[in-house]
Number of protein chains: 2
Amino acid sequence: MAEQPASVAVSTVIFGIQDHGGTAKVHLPLVRRVREPHLGRWALPGGPLRPDESLRDAARRNLADTTGLDAAHLEQLYTFGAVDRGAPDRVVSIVYWALVRTEVAATTRDDPNVAWFPVDALPPLAFDHEEIVGWAVRRLKNKLGYTQISHALLPEEFTLGQLREVHEAILGRRLDPANFRRRAEASGTLTPTGAHQAGARNRPPALYRSTVREELLT
Amino acid sequence: MAEQPASVAVSTVIFGIQDHGGTAKVHLPLVRRVREPHLGRWALPGGPLRPDESLRDAARRNLADTTGLDAAHLEQLYTFGAVDRGAPDRVVSIVYWALVRTEVAATTRDDPNVAWFPVDALPPLAFDHEEIVGWAVRRLKNKLGYTQISHALLPEEFTLGQLREVHEAILGRRLDPANFRRRAEASGTLTPTGAHQAGARNRPPALYRSTVREELLT
DNA sequence: ACAAAAGTGTTACCCTTACACCCATGC
DNA sequence: GCATGGGTGTAAGGGTAACACTTTTGT
């Protein structure tokens, strides 16, 4: 333990898909601050790094502490360490971003100081957290293009229509179903379960299971 | 100032192109450690973050202190903070990576404890610095593909042949000169100066100047 | 029958790659 | 003239985007 010019914190931007007026939208959970500074404002889950935990473990702990959830994907985003970030003492924040599956996100532990917001309609945030969320959203959009990261937002089994909805929610535009299907199939990361999803008032779509390895998403 | 479980350091991976047996190769400067632990080993330039400097400023200071050089490109790479990274106390290292221009790299201040090494023939490094260099090299290769970052390794004016040599050095394979030229021209980031480089025993190549904005390289 | 989404087929277009070929200079 | 890299032309192949069309369900 040494006297330091800056303390180390870890925060996490958590993304999940939720229904918002009939269409899937990207949401994220925020925590209402119960201390100064920025008391009462919404902020990203986070807190000081503990001496015996890795950065990644700290991020996972943020997730568990605030939502009780488990991440399907977790990855370092960026480190923010400007001299004045809105706190009285200097804090260097290592920020992670996480993806949780839809059905998991729905089971968020009840807490009056935790709530999910659509990323395109966030309340004013504490510190420099709006900038941080901006970085995370950009990264999410980018990674969508060259990895199969979107699978981590869906349940174990899903239809190509659901997968496409996720992409449309993140990119903010409609995608051609035919071309999307071919792309998805060509990725070689989907295996049909053989089952079909009944119930809709149209042709029952095939169910798929993702076969991507977490290690390949870097 | 608070009692902390971890101290904050900033290190920088600096890349420059140098001639190595007739062909251009990617090099980086290392510093010989003059203190325990890992006394005598080569390490990345770096040191503790000062209270009144930004992370980026600290990285720039690493560069100036060890080589006396100025970076044409400087960007955050990743933050390494495992519990045991080879130092007695816990250190969280925010690592930056930098590109310096060839003619600048040649003017490195003389210092027996600083030397440039080809990235494909590094000595054993201190701490987890080999892993860090690996990350930086990967990032450099990637960014080469979708930005004009390579311009930052060359002088203000350069030929397409030189630019191609840089790419070949980084990718480790030969590129088709014809296709490389078209790609470079199509990027819209090069303006011919009108001058040609005389002296070679072949047709004098046209000189170009880069018009990329540093902000667009993210 | 009809609507609505699943799923297949087809075509135009662009970008990349490979490679043939000409140009200008030093020796 | 000849070697050497600079610079232009061209054609094949692969991937993407646009869109027509068929299939299968619920109502």
Side-chain angles (χ1 to χ4, degrees), chain A residues 17 19 22-24 141-148 150 154-155 157-210, chain B residues 17 19 21-24 141-142 144-148 150 154-155 157-210:
Chain A
I17 299 291
D19 212 83
T23 52
K141 281 187 188 176
N142 279 340
K143 280 232 152 170
L144 200 63
Y146 63 96
T147 68
Q148 312 310 128
S150 51
L154 288 167
E157 296 192 4
F158 52 87
T159 70
L160 288 183
Q162 291 175 309
L163 184 61
R164 181 166 46 81
E165 277 173 33
V166 168
H167 281 243
E168 289 176 342
I170 293 171
L171 296 175
R173 63 186 170 92
R174 311 285 288 175
L175 299 172
D176 184 308
N179 296 330
F180 184 85
R181 159 181 301 273
R182 267 184 292 261
R183 242 173 171 292
E185 283 169 347
S187 77
T189 56
L190 291 174
T191 39
T193 65
H196 290 253
Q197 193 183 64
R201 68 187 169 299
N202 49 26
R203 179 171 171 178
L207 284 166
Y208 292 83
R209 185 182 296 274
S210 173
Chain B
I17 299 291
D19 212 81
T23 52
K141 282 188 189 176
N142 279 340
L144 200 62
Y146 63 95
T147 67
Q148 313 310 126
S150 51
L154 288 167
E157 296 192 3
F158 53 86
T159 70
L160 288 183
Q162 292 175 309
L163 184 60
R164 182 166 46 80
E165 278 173 32
V166 168
H167 281 243
E168 289 175 341
I170 293 171
L171 296 175
R173 63 186 169 93
R174 313 284 289 174
L175 298 171
D176 184 309
N179 295 330
F180 184 84
R181 159 180 302 274
R182 268 185 291 260
R183 241 172 173 294
E185 283 170 346
S187 78
T189 56
L190 292 174
T191 38
T193 65
H196 290 252
Q197 193 183 65
R201 68 190 170 298
N202 49 28
R203 176 171 173 178
L207 285 166
Y208 292 84
R209 186 182 295 275
S210 173

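Below, chains carry the letters A, B, ... as their sequence lines are ordered, and counting in each starts from 1.
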Roughly how far, to the nearest 0.5 Å, is the [atom2] atom of [Y] from the [atom1] atom of [X]?
{"X": "A:D19", "Y": "A:E165", "atom1": "CG", "atom2": "CD", "result": "8.5 Å"}
{"X": "A:K143", "Y": "A:I170", "atom1": "NZ", "atom2": "CD1", "result": "13.0 Å"}
{"X": "B:R164", "Y": "B:T159", "atom1": "CZ", "atom2": "OG1", "result": "8.5 Å"}
{"X": "A:H167", "Y": "A:K141", "atom1": "NE2", "atom2": "NZ", "result": "14.0 Å"}

How about A:T189 and A:Y208: do any of their side-chain heavy atoms sit closer than 4.5 Å?
no
Report the distance from atom [atom1] of [X] to atom [atom2] of [N], rounded to the nearest whole Å.
{"X": "A:L171", "N": "D:dA17", "atom1": "CG", "atom2": "P", "result": "11 Å"}
{"X": "A:F180", "N": "D:dA18", "atom1": "CZ", "atom2": "P", "result": "15 Å"}
{"X": "B:Q197", "N": "C:dT25", "atom1": "CD", "atom2": "C1'", "result": "13 Å"}
{"X": "A:R174", "N": "D:dA18", "atom1": "CZ", "atom2": "P", "result": "14 Å"}

Between the two ends of the helix from C:dA1-D:dT27 to C:dC27-D:dG1, what is the bend in degrees, rounded to 10 degrees, where each end axis spans five pairs?
10°
Each nucleotide of nucleotides 5-16 of chain D classed B (base within 4.0 Å of a protein heavy atom), S (only sugar-phosphate) or -, in 5' to 3' order, makes BBSBBB------
Classify the nucleic acid contact of B:A198 as base, sugar-phosphate or nothing, counting any heavy atom under 4.0 Å across all strands shown.
nothing
Describe the nucleic acid contact of B:A186 in one word from base, sugar-phosphate, nothing, applying a heavy-atom distance below 4.0 Å.
nothing
Partner set under side-chain contact (heavy atoms from CB on, under 4.5 Å) for A:R182, not counting sequence neighbours
A:A178, A:N179
Do any N or O atoms from the side chain of A:E168 and from the backbone of A:L175 form a donor-acceptor pair under 3.5 angstrom?
yes
Determine yes or no for a side-chain-to-main-chain donor-acceptor pair under 3.5 angstrom, with A:T193 supplying the side chain and A:L207 the backbone.
yes
